[in-house]
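In this chain, residues are counted from 1 in sequence order. For the numbers below, each heavy atom of this structure counts, side chains included, while hydrogens, waters and symmetry mates do not.
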Amino acid sequence: MKAKRTAKPKLRTPDEARQWLRDNGITVIAFAKQKSLCRHAVNDALRGIGKGNYGKSHAAAVALGIKPDPNSCTNPSKPARRKSP
């Protein structure tokens, strides 16, 4: 029985994330408080400063949908088995 694969959520660009906040009427500060993040890290992620690889900046990028959540993978890939000759 094969497991169903769900589609990966589409990642946003920083501009799309900022527009999403505007469309939903959420300020950067309110979003940061809601997600328990540093407002400076959220603002930096929206401005495209840094890569968001570690710590607070990574958490902000994941919350904004700019980077994928590392814990969202439900079916880890398995290496292909080689057939014996």
Side-chain angles (χ1 to χ4, degrees):
M1 183 166 118
K2 290 188 176 184
K4 287 185 178 180
R5 288 190 174 231
T6 58
K8 292 181 181 179
K10 182 181 176 287
L11 297 178
R12 298 180 180 125
T13 64
D15 289 333
E16 290 171 340
R18 185 178 296 279
Q19 187 62 46
W20 180 84
L21 288 173
R22 278 192 200 123
D23 292 345
N24 289 294
I26 304 171
T27 64
V28 172
I29 295 172
F31 180 80
K33 282 183 183 178
Q34 184 180 33
K35 300 292 183 177
S36 301
L37 298 167
C38 173
R39 68 182 177 96
H40 297 293
V42 174
N43 214 5
D44 288 348
L46 289 171
R47 291 171 55 201
I49 297 174
K51 296 181 182 180
N53 289 333
Y54 306 103
K56 294 176 185 178
S57 62
H58 177 74
V62 170
L64 289 165
I66 296 171
K67 295 195 86 157
D69 184 7
N71 299 322
S72 66
C73 181
T74 56
N75 296 325
S77 62
K78 294 181 182 177
R81 295 185 74 191
R82 289 179 143 189
K83 291 185 178 181
S84 301

- Message: If you count heavy atoms of other groups shown closer than 6.0 angstrom to CZ of Arg39, is the number above 12?
- Response: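 12 or below, so no.
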
Give, for atom [atom1] of [X] and atom [atom2] of [Y], the distance between the pair rounded to the nearest 0.5 Å.
X     : Y     : atom1 : atom2 : result
Ser36 : Lys56 : OG    : NZ    : 12.0 Å
Gln34 : Ile29 : CD    : CD1   : 13.5 Å
Asn24 : Phe31 : CG    : CZ    : 10.0 Å
Lys35 : Ile26 : NZ    : CD1   : 8.5 Å
Asn43 : Leu37 : CG    : CG    : 12.5 Å

Could you check if a side-chain atom of [X] sits within less than 4.5 angstrom of a side-chain atom of [Y], using non-hydrogen atoms only?
X     : Y     : value
Thr13 : Ile66 : no
Val62 : Lys67 : yes
Ser57 : Asp44 : no
Lys10 : Glu16 : yes

- Considering non-hydrogen atoms only, spot the tightest contact between Ala17 and Arg12 and give its length.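 Scanning both residues completely, I find the closest heavy atoms to be CA-CD, 3.9 Å.
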
- Query: What are the two closest heavy atoms between Val42 and Ala32, and how far apart are they?
  - Reply: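 Residues Val42 and Ala32, closest heavy atoms: CG2-CB, 4.0 Å.
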
- Flag yes if Val28 and Trp20 sit in one hydrophobic cluster, no otherwise; membership is Ile, Leu, Val, Met, Phe, Trp, Tyr, and two members link when side-chain heavy atoms are under 4.5 Å apart.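 Per the 4.5 Å side-chain linkage, Val28 and Trp20 are co-clustered.
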
- Can you name the residues that form a side chain to side chain contact (heavy atoms under 4.5 Å, CB included) with Asp23, not counting sequence neighbours?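 Residues passing side chain to side chain contact (heavy atoms under 4.5 Å, CB included) with Asp23: Gln19.
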
- Item | Criterion side-chain contact (heavy atoms from CB on, under 4.5 Å) on Leu46 and Arg18, from CA distance to verdict | CA-CA 6 Å; Leu46 289 171; Arg18 185 178 296 279; 3.3 Å; yes

